[in-house]
S.K.: 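Questions regarding the structure given below will be posed in turn.
Indexing begins at 1, ligand by ligand and atom by atom, following the structure's order. These values consider heavy atoms only, across backbone and side chains, with no hydrogens, waters or symmetry-generated copies. For the single chain, residues carry numbers from 1 onward in sequence order.
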Amino acid sequence: MKINCFVYKNKKYSIDKNGEVTRKSHSNIALIKYWGKHNKKIQIPLNSSISYSLKNIYTVTRLIYHKHKKEKKNFSIKIFFSGKEKTSFLPKIFDFFHRISFYCSYLLDFNFIIETYNTFPHSSGIASSASSMSALALCVMEIEKKLVSSLEEDFFLKKASFLARLGSGSACRSIYPGLVVWGNHKSIKGSNDFYAIPYPYKIHTIFTKLVNTILIIDEKPKKILSSKGHLLMNSHLYAKERFKSANKNMDSLISILKIGDFQEFGELIEHEALTLHAMIMTSRPYFLWMKPNTINVIQSVWDFRKESKKNIYFTLDAGANVHLLYPIEEKKIILKWIYSDLFSFCKKIIESFCY
Ligand code: PMV
């Protein structure tokens with residue numbers, strides 16, 4: 001599919017002057033991490049990534065639109081987060097709308113009010129850009145659907161993912177449930193740098209019902225934004241090796257997902273998580289997202305796994321918090337252990353599922 005097909009070309013359209021659309025979108029956690037993008041505003045990743053969408057963690061967004069009375073060709077935006085006006089969100093949203101207006105020129109004919117909330121606590125340290133940007137992209141596509149009655153579901157989702165990517169790279173994976181791939185990889189048919197696709201191959205049943213327990217170690221917003229971290233990969237001493245290793249890990253994961261080897265799966269995702277943080281620690285400028293309690297949790301997981309032989313592994317996001325992944329069959333014992341042995345290291349525990 002050529003990206004030109006995403007440009008909305010119809011100059012004349014009819015739509016009610018005022019209206020609204022609402023969509024929800026889930027957050028996701030990457031198993032193979034996207035870290036590094038081309039030094040342009042178009043969010044093209046330097047390696048392919050794969051994530052699970054997360055069940056209880058989502059953003060709901062209502063996009064209210066009013067058509068300009070006279071031809072104006074520019075939009076205005078007001079944004080409310082959990083009922084309160086949030087002018088601090090405006091620069092990012094304006095930037096996003098400007099980027100996507102090339103593909104959705106009708107946006108220029110409206111004034112917008114965005115009302116949005118998350119089901120997870122704001123400033124809990126969970127990245128909200130994936131679910132918020134994808135929810136907004138889905139809302140924009142709902143407007144486009146009103147303009148093009150013949151719009152097909154497959155195109156709707158692809159373009160939503162394409163637009164979400166322009167807001168935040170990882171957001172393009174949040175359009176689909178389950179395992180989702182973004183970024184061209186030679187072994188994954190249909191994978192590309194412009195929009196995400198559902199993982200197209202066989203998945204062993206053990207990977208279809210995973211529990212994701214999120215340990216919130218630090219609730220404060222990160223000091224170093226991921227957008228800055230990505231760009232540091234352009235001059236990173238170990239970048240080439242990192243991209244090679246991410247590609248190789250994707251090949252390994254394809255066969256692991258098919259065979260159902262949970263130990264191999266767990267070791268691969270832990271390796272990926274630690275590699276992401278190693279890249280951060282060795283960039284220039286270097287920085288550190290882990291906190292002492294991140295290490296305490298990791299060490300406890302390793303000790304518990306050795307003693308109990310349970311299938312519990314961790315992954316990390318761009319921050320201090322820890323995501324624990326384990327099969328649903330082992331939930332009872334593992335969750336009991338988490339609350340008894342890990343609670344003291346955390347500010348909060350959030351229970352979720354990969355779905
Ligand atoms: O989507 P961004 O630009 O916030 O980057 C996300 C990067 C990681 O969360 C660290 C990895 C990933 O693939 O989600």
S.K.: List every atom of ligand 1 that sits less than 4.0 Å from any heavy atom of G169, numbering the atoms from 1 in the order shown and giving each element.
M.R.: 1 (O)

S.K.: Using only heavy-atom distances, determine whether the side chains of T59 and N118 contain a donor-acceptor pair under 3.5 Å.
M.R.: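 Yes - a donor-acceptor pair under 3.5 Å links their side chains.
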
S.K.: Does the pair S131 and F120 meet the rule for a side-chain contact (heavy atoms from CB on, under 4.5 Å), with working shown?
M.R.: CA-CA 11 Å; S131 55; F120 48 97; 4.0 Å; yes

S.K.: Is there a ring-ring contact (aromatic ring centres under 6.0 Å, His included) between Y176 and Y199? Walk through the geometry before answering.
M.R.: CA-CA 10 Å; Y176 299 98; Y199 178 72; over 10 Å; no

S.K.: Taking the ring centre of each residue, are F6 and F155 less than 6.0 Å apart?
M.R.: yes

S.K.: If you count the atoms of ligand 1 from 1 in the order shown, which ones are under 4.0 Å from a heavy atom of A30?
M.R.: 12 (C), 13 (O), 14 (O)

S.K.: So that I know where these two stand, are Y103 and Y8 an aromatic pair - ring centroids less than 6.0 Å apart?
M.R.: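 Y103 vs Y8: aromatic centres not under 6.0 Å.
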
S.K.: Minimum distance, heavy atoms only, to atom 3 (O) of ligand 1: which one of K228, K37, H230 is it?
M.R.: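 Closest candidate by heavy-atom distance is H230.
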
S.K.: Under 4.0 Å, heavy-atom basis, I'd like to know which part of I29 is in contact with ligand 1: side chain, backbone, both or neither.
M.R.: neither

S.K.: Numbering the atoms of ligand 1 from 1, which are under 4.0 Å from a heavy atom of S170?
M.R.: 1 (O), 2 (P), 6 (C), 14 (O)

S.K.: Is the CD1 atom of I203 crowded by more than 12 outside heavy atoms at less than 6.0 Å?
M.R.: yes

S.K.: Identify, by atom number and element, the atoms of ligand 1 in contact range of R173, meaning under 4.0 Å from any of its heavy atoms.
M.R.: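 The atoms of ligand 1 under 4.0 Å from a heavy atom of R173 are 12 (C), 13 (O), 14 (O).
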
S.K.: Short N/O distance, under 3.5 Å, between K33 and ligand 1?
M.R.: no

